[in-house]
Peer 1: 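One structure follows; several queries about it will come next.
Chain A is the first sequence line, chain B the second, and so forth, proteins listed ahead of strands; every chain is numbered from 1. Reckoned from all heavy atoms, side chains included, excluding hydrogens, waters and symmetry mates.
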Amino acid sequence: MEDYSSKQSVENLDNPPNSRLFLVTSRSVSDDVIREKFSVFGEVQGVWVVKDKQTKESKGISYVKFAKSSEACTAMEDMHGKCLLDGTKPIKVFIAQSRSSGRHRDVEDEELTRIFIKIPKTFTEEDLKDTFKEYGDIEYCVIIKNKTTGESKGLGYVRYHKPSQAAIAIENCDRAYRAVLAEPRSKNSSADNDYHSSGRAEHMSSDLGMNPYSFGVSDPGSYAVTDYRSSDLITRCLMVSSRASVTQEQIYGLFDLIPGMDYCEMQRDHCGLNKGHAVIRYNNLGSALYAKEKLNGFEYPPGNRLIVAHIEDGEDRTSPVGKMAMQLVAAQMMSMVWNGPTTSQQLMKMSTGYRTASPMPRVQTDVSLPSLKNLAPPDSRVKERLFVVFSPAPLPMDVLEDVFWTTTKCTQLRSGFRTSLNVLEWPSQSTELNANEHLWRDLKIA
DNA sequence: CGACGGGACGC
DNA sequence: CGACGGGACGC
């Protein structure tokens, strides 16, 4: 039957902003199916499947208009990668470009997760967090301050992990905050879009949290803990979702930085196409939990936020006892995770691999380094771990050795060259490193 | 009649 | 790879 509500008047297409979805589906998927699957997320005001003018056949492109941006975002986050019909390829879901914008580039999470707000001048960043955490997991809060006096300008940014959270904040927070989506930072920063420029580097830092201990049940300052939709499922298996296309090698390289991975596979459809989803399994709960806390929301490649969530691994963890065990695992993580059986083998694999890898120009630093220290025994229990993100390319391993191995009692160097990410491990807290701000900035240590 | 909107980040 | 239809109010 002709469905009146399939119509979308042009003036409503982008009202409110970001309330319309762009879908890529199998050509066999009808608007009825789309409506059925998407109306659970909110008020669907229109569904339109783009068809060939002559053949009337679907082109595999559809639009779904919701009443609210939060509904559209939630649907996008939930439905991206799902199959609408048995045997059809997984769909892709994006926020549609506004019809006037003329661009056909995907709208990235980067543009949908940060809000810009007006706040009382007396607000601290803690006040900001406390006020806005009710709408979702906050990744990052800043108050814009006068650089010389340090006084607040009464404006701030809040970065959430998910577009739906930012949308919910904008829709529901007090009007006095004037919450809107923040313009991406790069847009304002001159015409310098060089990959090597500092404008790009914003994406690299702070995604993993500066404090290696800032995760888990005992830390009230951590916002990376479970949210309302991923519930409290904790398993050894993770699902990684990426909007940008990533290779299995990249995902492997990234998640293998955390010891204990015993399985990593990209989900592919029958055509062998990359779905942007991967399943990772670790041999212990702690590694999986840690990997999720550290890598959920991590931008890889820069600008592309990975979503990492636990998925069923077939074991029952729903009982109260199971939950308590889970918390115990989280609390004891730092002392247990790092002694996985794979660590030494991988170190060997790495250290034989890098020297034959591409010869790079020598890197130099004028940072003054602390005095030489002894290496900790290789079998030391690891207490602290550092993620180092490089842009645009990773440093050779021997340079890292010079910088880190000699300045602290570092025990291990693990490297994900394909991911431009390295991990270093310490048997104790490396306070010297904290003090070395130049080093932190230069290397984008997360 | 009757109270809104602009503002923008850092190496 | 994957980006924009069809139809035409009612004073």
Side-chain angles (χ1 to χ4, degrees), chain A residues 2-14 20-27 29 31 46-65 80 89-107 110 114-121 125 128 140-148 150 152-159 175-190 192 194 196-206 243-245 268-269 271-276 391 437-438 440-444:
Chain A
E2 289 308 320
D3 187 346
Y4 72 92
S5 58
S6 288
K7 297 187 179 180
Q8 304 167 33
S9 60
V10 172
E11 61 268 27
N12 273 340
L13 282 182
D14 301 301
R20 195 173 58 124
L21 295 179
F22 167 62
L23 312 195
V24 183
T25 73
S26 288
R27 295 175 196 276
V29 174
D31 53 358
V47 175
W48 166 35
V49 176
V50 178
K51 295 176 182 143
D52 183 284
K53 283 245 172 41
Q54 276 76 43
T55 70
K56 302 288 190 202
E57 198 185 351
S58 164
K59 292 162 96 172
I61 297 296
S62 320
Y63 294 90
V64 181
K65 174 71 175 72
H80 187 73
K89 71 178 181 188
I91 63 170
K92 298 181 202 175
V93 185
F94 302 93
I95 293 292
Q97 283 287 2
S98 70
R99 222 163 169 188
S100 52
S101 82
R103 294 182 307 177
H104 279 179
R105 210 197 69 229
D106 293 344
V107 178
E110 182 73 18
R114 196 177 62 144
I115 64 171
F116 178 57
I117 45 184
K118 178 180 163 58
I119 49 177
K121 288 234 172 52
E125 267 138 19
L128 202 51
Y140 182 65
C141 274
V142 265
I143 289 172
I144 301 170
K145 300 178 187 126
N146 181 311
K147 274 191 272 292
T148 52
S152 168
K153 290 188 180 174
L155 299 169
Y157 296 102
V158 177
R159 169 86 71 188
R175 288 169 50 89
Y177 290 113
R178 307 283 147 102
V180 291
L181 277 183
E183 294 291 334
R185 217 165 102 63
S186 50
K187 192 175 179 180
N188 244 1
S189 69
S190 76
D192 185 8
D194 185 359
H196 299 258
S197 76
S198 56
R200 187 75 182 181
E202 192 246 359
H203 305 307
M204 305 298 291
S205 59
S206 78
R243 328 205 88 247
S245 90
R268 289 166 195 280
D269 64 19
C271 305
L273 294 176
N274 188 332
K275 270 169 55 167
S391 174
E437 292 178 11
H438 293 291
W440 284 75
R441 275 206 301 275
D442 290 350
L443 295 179
K444 305 298 175 196

Peer 1: Among all residues two or more places apart in sequence or in another chain, which pass the side-chain contact (heavy atoms from CB on, under 4.5 Å) test with S26(A)?
Peer 2: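 By the side-chain contact (heavy atoms from CB on, under 4.5 Å) rule, S26(A) matches S28(A), V29(A), T88(A), K89(A).
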Peer 1: Which sits closer to the 5' end of DNA chain C, H104(A) or K53(A), going by the nucleotide each is nearest to?
Peer 2: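 With H104(A) and K53(A) compared, the 5'-side residue is H104(A).
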Peer 1: More 5' along DNA chain C: F94(A) or K56(A), using each one's nearest nucleotide?
Peer 2: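 Mapping each residue to its closest nucleotide by heavy atoms, the 5'-most match is F94(A).
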Peer 1: Indicate for each nucleotide in nucleotides 2-7 of chain B, in 5' to 3' sequence, whether protein heavy atoms under 4.0 Å reach the base (B), only the sugar-phosphate (S), or nothing (-).
Peer 2: ---BBB
Peer 1: Under a 4.0 Å threshold between the charged nitrogen and the carboxylate oxygen, would E183(A) count as salt-bridged to R114(A)?
Peer 2: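 Looking at E183(A) together with R114(A), the answer is no, because their closest N to O distance does not fall below 4.0 Å.
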Peer 1: Rounded to the Å, how far apart are R114(A) CZ and dC9(B) P?
Peer 2: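 From R114(A) CZ to dC9(B) P: 10 Å.
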Peer 1: Does E57(A) have any salt bridge (Lys or Arg N to Asp or Glu O under 4.0 Å) partners at least two apart in sequence or in another chain, and if so, which?
Peer 2: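 Not a single residue meets the salt bridge (Lys or Arg N to Asp or Glu O under 4.0 Å) criterion with E57(A).
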Peer 1: Please give, in whole Å, the distance from dC1(C) C1' to K59(A) NZ?
Peer 2: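 For the pair K59(A) NZ and dC1(C) C1', the rounded distance is 14 Å.
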Peer 1: Let me know the distance between CZ of F22(A) and P of dC1(C), rounded to the nearest Å.
Peer 2: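 So the two atoms are 12 Å apart, to the nearest Å.
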Peer 1: State which residues pass side chain to side chain donor-acceptor pair (under 3.5 Å) with K145(A); sequence neighbours excluded, sorted by chain then number.
Peer 2: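 Checked K145(A) against side chain to side chain donor-acceptor pair (under 3.5 Å); matches are E125(A).
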Peer 1: Any idea if dC9(C) is syn or anti, going by the 90°-from-0 cut?
Peer 2: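 This nucleotide is in syn.
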Peer 1: Please name all residues satisfying side-chain contact (heavy atoms from CB on, under 4.5 Å) with K153(A), sequence neighbours left out, ordered by chain then number.
Peer 2: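 Expected list: I144(A).
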Peer 1: Let me know the distance between CG of L128(A) and C1' of dC9(B), rounded to the nearest Å.
Peer 2: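 Rounded to the whole Å, the gap is 13 Å.
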Peer 1: Under the rule for side chain to side chain donor-acceptor pair (under 3.5 Å), what residues qualify as partners of S100(A), not counting sequence neighbours?
Peer 2: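 S100(A): no side chain to side chain donor-acceptor pair (under 3.5 Å) contacts found.
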